[in-house]
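Notes to accompany the following structure.
Both backbone and side-chain heavy atoms feed into the values below; hydrogens, waters and symmetry mates do not. Labels below follow one simple rule: chain letters A, B, ... track the order of the sequence lines, proteins then strands, and each chain is numbered from 1.
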Amino acid sequence: MKFDRKKDINPKYLLLALSIICLILLFLSVFWGERVRPLREFVGKIITPMQEGVNDIGEWFGEKMEIFGDVKELKKKNAELQDELNDYKQEVDRYQAELQELEELRSLYELDSMYPEYNMTAARVFSTNSSSWFNEFYIDKGLNDGVYEECNVLCDNGLLGIVTESYDDYAKVRAIIDDRSNITAEITSTRSLCNVEGSLKTMADGYLLVTDIDKDADIAEGDKVTTSNVSDRYFYGLTIGYISEITMDSNNLTKTAKLIPAVDFTDVKDVLIITDRKQEVNY
Amino acid sequence: MRRIFVLTILILVCFVLQTTVFSYHDITGTAPNLLLILTMSFGIMRGRKEGMLAGFFCGFLCDVFFSSLLGPYMLLYMFIGYINGFFHRNYLMEDVMLPVIIIFVDEFIFNFVIYVVCFLLRNRLGFSQYFLKTVAPQTLYSVLITVVIYRIFVSINRYLKKKAQE
């Protein structure tokens with residue numbers, strides 16, 4: 001009997017009840033965001049091991065598939081790379097000599113090295129936001145490994161994003177191309193400040209916009225854009241990308257440029273996280 | 001009881017697949033919205049109540065992982081599941097045309113709501129561009145996947161029905 005009664009609930013009332021639950025949760029998370037954190041942690045503990053497991057299986061298959069790749073092509077590539085390597089070896093020798101000279105000069109000037117060394121830890125991406133509206137992903141290191149909110153995340157050759165939520169064993173990262181992202185940056189050649197805005201619309205064509213560049217700044221295509229000292233979240237000197245096209249704004253005071261990001265966002269597997277933090281947040 | 005268990009597993013599997021395999025290491029890429037397909041399928045196969053409940057829990061997972069607030073995706077998925085439930089009585093088991101049309105409309109509504117809440121309210125105008133570059137690929141992807149996955153859901157549903165009658 002009891003079972004029957006349960007089945008007879010009018011869907012309308014159930015909809016109303018569930019909507020009220022949603023609204024209560026919504027209010028809770030708007031006004032007391034920390035209160036719902038245990039709920040997120042609990043669900044995350046169940047789901048993330050599954051995602052990591054599926055990811056591991058995928059990687060295993062990927063490796064197995066690569067073995068069946070074209071051997072001829074690989075051999076050809078290997079020869080090419082060997083040539084390239086020899087070139088680089090020579091170059092490195094040359095640079096090393098120059099570096100020595102530079103260090104001597106620097107010690108004369110008593111300058112610190114330009115870019116300070118940061119403490120870093122490596123992590124693996126195990127899940128990404130499937131919706132194409134947002135560019136977020138999860139990494140498999142969290143509070144236990146010293147990855148806190150607002151830690152900077154790097155990929156092989158540039159800035160990738162910033163940690164927005166951090167839990168015990170995993171953390172959520174927002175990429176710099178996400179529509180909600182905004183970075184105070186500088187153009188290295190002239191050290192002029194600018195803003196790098198993440199944007200879904202422009203990223204569909206493969207570039208981001210650099211805004212608020214001073215009109216007198218003498219910048220050119222191909223200049224490197226890095227994070228600046230002014231930013232209170234991003235460390236100094238991390239490469240964001242390279243300028244490709246410069247236009248004057250209609251207000252005649254500032255310039256806007258296109259920026260090609262240094263990171264390939266379509267294939268992000270392993271990332272580096274700077275475990276130092278620019279601002280200490282109390283936990 | 002068996003039905004609840006199977007549905008829970010299905011929701012988990014769909015969520016994990018959607019967030020790992022279908023968007024493998026690609027941050028900019030798009031993936032079919034398996035959770036929406038699941039909500040839609042159970043809405044039209046089983047009626048308003050089950051569609052609504054499936055949507056509720058699908059939305060809950062989405063909220064926990066990809067939203068700064070708890071609730072918005074839950075409401076969205078739940079209402080889509082509820083509305084899809086109205087098509088229950090016109091439903092023919094083997095017909096794939098109806099679910100394809102419904103998922104098409106669902107995806108459009110789903111993405112339109114996200115656009116309005118997360119983009120239009122932040123002064124990101126020009127829906128046509130967003131539609132072409134973001135909404136259309138995802139909708140197409142989901143529609144194609146529906147053709148395959150819907151049949152799987154139908155056979156799972158048939159199996160559950162048979163077990164319940166025994």
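Proximity to chain A (any heavy atom under 4.5 Å) is shown, for B:P32, by neither the backbone nor the side chain. With a threshold of 4.5 angstrom between heavy atoms, B:L34 does not approach chain A through any atom at all. Contact annotation for B:Y73: only side-chain heavy atoms (C-beta onward) come within less than 4.5 Å of a heavy atom of chain A. Proximity to chain B is limited to the side chain of A:F137, based on heavy atoms less than 4.5 angstrom apart. Contacts between A:K172 and chain B at a heavy-atom distance below 4.5 Å involve the side chain alone, from C-beta outward. Only the side chain of B:C118 comes within less than 4.5 Å of a heavy atom in chain A; its backbone stays farther off. In this structure, the portion of B:F60 lying under 4.5 Å from any heavy atom of chain A is its side chain and not its backbone. There is no contact between A:E41 and chain B, counting heavy-atom distances below 4.5 Å.
Between chain A and the options B:L69, B:V64, B:L70, heavy-atom pairs under 4.5 Å are most frequent for B:L70. Ranking B:T19, B:I114, B:V21 against chain A, the residue ahead of the rest is B:T19, based on heavy-atom pairs under 4.5 Å. With chain B as the partner, the residue from A:N135, A:N129, A:N55 showing the most heavy-atom pairs under 4.5 Å is A:N129. Between chain B and the residues A:L23, A:V54, A:I21, A:I46, the most heavy-atom pairs under 4.5 angstrom are made by A:V54. Contact tally against chain B (heavy-atom pairs below 4.5 Å) for A:T48, A:V30, A:L200, A:I57: the top residue is A:L200. Each of A:A204, A:S19, A:G44, A:G161 has some count of heavy-atom pairs under 4.5 Å with chain B, and the biggest count is that of A:S19.
Side-chain contact between B:K133 and A:D205: present, with at least one pair of heavy atoms (C-beta onward) separated by less than 4.5 Å. With a 4.5 Å cut-off on side-chain heavy atoms, A:Q51 and B:F65 count as touching.
Salt bridge B:D63/A:R40: absent, no basic N to carboxylate O contact under 4.0 Å.
Between B:S67 and A:E165, the closest heavy-atom pair is O-OE2, 4.4 Å.
The number of heavy atoms from other shown groups lying within 6.0 Å of CZ (B:F104) does not exceed 12. Under a cut-off of 6.0 angstrom, the local environment of CZ in A:F27 is sparse, with at most 12 non-hydrogen atoms contributed by other residues, nucleotides or ligands.
To the nearest 0.5 Å, atom CG of residue A:L15 and atom CE of residue B:M78 are 5.0 Å apart. The OG1 atom of B:T134 lies 5.0 Å from the CH2 atom of A:W133; values are rounded to the nearest 0.5 Å.
Judged by distance alone, with hydrogens and angles left aside, the side-chain atoms of A:K201 form a donor-acceptor pair with the main-chain N or O of B:L125 at under 3.5 Å.
Contacts between residues 7-17 of chain B and chain A, counted as heavy-atom pairs separated by less than 4.5 Å, involve B:L12, B:F15, B:V16. For residues 174-184 of chain A, a heavy-atom distance under 4.5 Å to chain B picks out A:A175, A:I177, A:D179, A:R180, given by residue number.
Aromatic ring orientation, B:F66 versus A:Y138: perpendicular (interplanar angle above 60°, classes split at 30° and 60°). By the 30° and 60° cut-offs, the orientation of the rings of B:F119 relative to A:F134 is tilted.
The only option from B:F79, B:F56, B:Y82 that meets the side-chain contact (heavy atoms from CB on, under 4.5 Å) definition with A:L18 turns out to be B:F56.
Residues A:S131 and B:Q138 bring no donor and acceptor atom of their side chains to less than 3.5 Å of each other.
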